[in-house]
A.B. asks: 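There's a structure below that I have some questions on.
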Amino acid sequence: MTNASNDCTPAVITDGFTKRFGSITAVEGLEMTVPAESVYGLLGPNGAGKSTTIDALIGLVHATEGTVRILGMDVRTSPVEIRRRTGILPDGFTPYERLTGREHLDAAARANGVTIDTDEALARVGLADAADRTAGGYSQGMSQRLGLAMALVGAPDLIILDEPAAGLDPHGIEMLRRIVREEHARGATVLLSTHQLAQVEAVCDTVGIIDDGRLVAEDSAESLRRTVGTEATLRVRLTGSIDRARNLLGELNGVTGVTKDGDVLVVRCEAEQGTAGVIAALERSDVGLESYEKSLPGLEQVFEAYTDEQ
Ligand SMILES: Nc1ncnc2c1ncn2[C@@H]1O[C@H](COP(=O)(O)OP(=O)(O)OP(=O)(O)O)[C@@H](O)[C@H]1O
């Protein structure tokens, strides 16, 4: 399959994409750009418009207004070529009950005009032992694993995963993350849609946040974190006097607040760099530093800042 790394055309561009269902506007004027070779997380609360957007990318719904381009091609005029170069795990994937896992993969390979090592493809998603069982007897997590294996058939340039962690146990989630990283490393673009922040935090380098049908933020995960502040927090345990430590740190440069939370001292610093000074000051003093935990702004704060979650 064509390697997407040959050019830097964005893997997905939507221009003013709007989708209405009767009087309901599911998505409005979406301007989304998924850079080539990125791992892009489309994040949003329930009903935000994620699935409608993904459905438009994969040709399941047609735009009421605007355009959608995948790998440089318009979804309306090049559906076959786009389909050939794109792997899809749809939301709530359900396999054919009467076909085995192996038969599903063989069918996907035939449809893509490629030959694959079916055993290896099934082993990669942890289904080696269930290869010859009919999928009607698969659990939700096993079905999801099969859907993922089908999305990877033919080493597509763009892999679109809608709520890929649904039904997966912790081992399955670890497998999913490993596979996303491996596909990214071979040059594929991965677009995953989810309302689970942990999935995005773990693998995505670029994030789009959709809320109420509109893209409210899109940037690198790092830049988005910076928009909600650089403040770092230390939670410190001491063997000595917590009040003495509080007085000591209150005077320190770069410290914006010192409070008590039970027997834990909570120290807020302007930036991460300031935390080293706090630790050094505590170590030099006689307050007996026992342990500390550091936390930085995460995507959770970004998500809260950009969406009006109730
Ligand atoms: N076929 C449809 N007919 C009518 N309304 C629809 C249809 N599909 C989606 N909608 C509406 O469009 C809005 C966006 O729905 P969508 O499924 O795209 O959200 P989502 O972000 O994927 O949500 P979730 O995380 O809950 O899956 C919702 O208000 C939904 O009710």
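Atoms within a ligand are numbered from 1 in the order they appear, just like the ligands themselves.
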A.B. asks: Considering non-hydrogen atoms of the protein only, which is the closest contact for atom 12 (O) of ligand 1, and what is the distance?
C.D. replies: A26 CB, 3.1 Å
A.B. asks: A quick test of your reading: do over 12 heavy atoms of other residues, nucleotides or ligands sit less than 6.0 Å from CG of D132?
C.D. replies: yes
A.B. asks: Return the residue, atom name and 0.1 Å-rounded distance of the protein heavy atom closest to atom 19 (O) of ligand 1.
C.D. replies: G49 N, 3.1 Å
A.B. asks: Give a yes or no on whether a salt bridge exists between E293 and R237, defined as a side-chain N under 4.0 angstrom from a carboxylate O.
C.D. replies: no
A.B. asks: Can you list the atoms of ligand 1 that are under 4.0 Å from a heavy atom of K50?
C.D. replies: 18 (O), 19 (O), 20 (P), 21 (O), 22 (O), 23 (O), 24 (P), 25 (O)
A.B. asks: Please confirm whether G44 comes under 4.0 Å of ligand 1, counting heavy atoms of the residue only.
C.D. replies: no
A.B. asks: Taking V266 as the starting point, is it possible to reach I279 by hopping between hydrophobic residues whose side chains are less than 4.5 Å apart?
C.D. replies: no
A.B. asks: Please verify whether a non-hydrogen atom of G22 lies at under 4.0 Å from ligand 1.
C.D. replies: no
A.B. asks: At what distance is the nearest protein heavy atom to atom 23 (O) of ligand 1, and which residue and atom is it?
C.D. replies: G47 N, 2.7 Å
A.B. asks: With side chains defined as the heavy atoms from C-beta onward, is the minimum distance between L191 and I54 less than 4.5 Å?
C.D. replies: yes
A.B. asks: Following the transitive rule for hydrophobic clusters with a side-chain heavy-atom cut-off under 4.5 Å over Ile, Leu, Val, Met, Phe, Trp and Tyr, establish whether L215 and I13 coincide in one cluster.
C.D. replies: no
A.B. asks: Just need the protein heavy atom nearest to atom 11 (C) of ligand 1, so name the residue and atom and give the distance.
C.D. replies: I24 CG2, 4.1 Å
A.B. asks: One thing to verify: whether R244 and D286 come together as a salt bridge, which I'm taking to mean a side-chain N less than 4.0 angstrom from a carboxylate O.
C.D. replies: yes
A.B. asks: Consider every N or O of T53 and every N or O of ligand 1, then say whether any pair is closer than 3.5 Å.
C.D. replies: no
A.B. asks: With the 4.5 Å side-chain cut-off for hydrophobic clustering, are L161 and M175 part of the same group?
C.D. replies: yes
A.B. asks: Against heavy atoms of P45, which atoms of ligand 1 measure under 4.0 Å?
C.D. replies: 21 (O)
A.B. asks: As a test of the contact definition, would atom 31 (O) of ligand 1 count as having a protein heavy-atom neighbour under 4.0 Å?
C.D. replies: no
A.B. asks: Closer than 4.0 Å to some heavy atom of T52 - which atoms of ligand 1 meet that?
C.D. replies: 9 (C), 15 (O), 16 (P), 18 (O)
A.B. asks: Looking at E103 and R98, is any side-chain nitrogen of the basic one under 4.0 Å from a carboxylate oxygen of the acidic one?
C.D. replies: no
A.B. asks: Considering only the protein, which heavy-atom contact is closest to atom 27 (O) of ligand 1, and what is its distance?
C.D. replies: S51 OG, 4.0 Å
A.B. asks: Report yes or no: do L30 and L60 belong to one cluster of Ile/Leu/Val/Met/Phe/Trp/Tyr joined by side chain heavy-atom distances under 4.5 Å?
C.D. replies: yes
A.B. asks: Do me a favour and list the nearest non-hydrogen protein atom to atom 4 (C) of ligand 1 with residue, atom name and distance?
C.D. replies: F21 CB, 3.4 Å
A.B. asks: Within ligand 1, which atoms have a heavy atom of N46 less than 4.0 Å away?
C.D. replies: 23 (O), 24 (P), 25 (O), 26 (O)
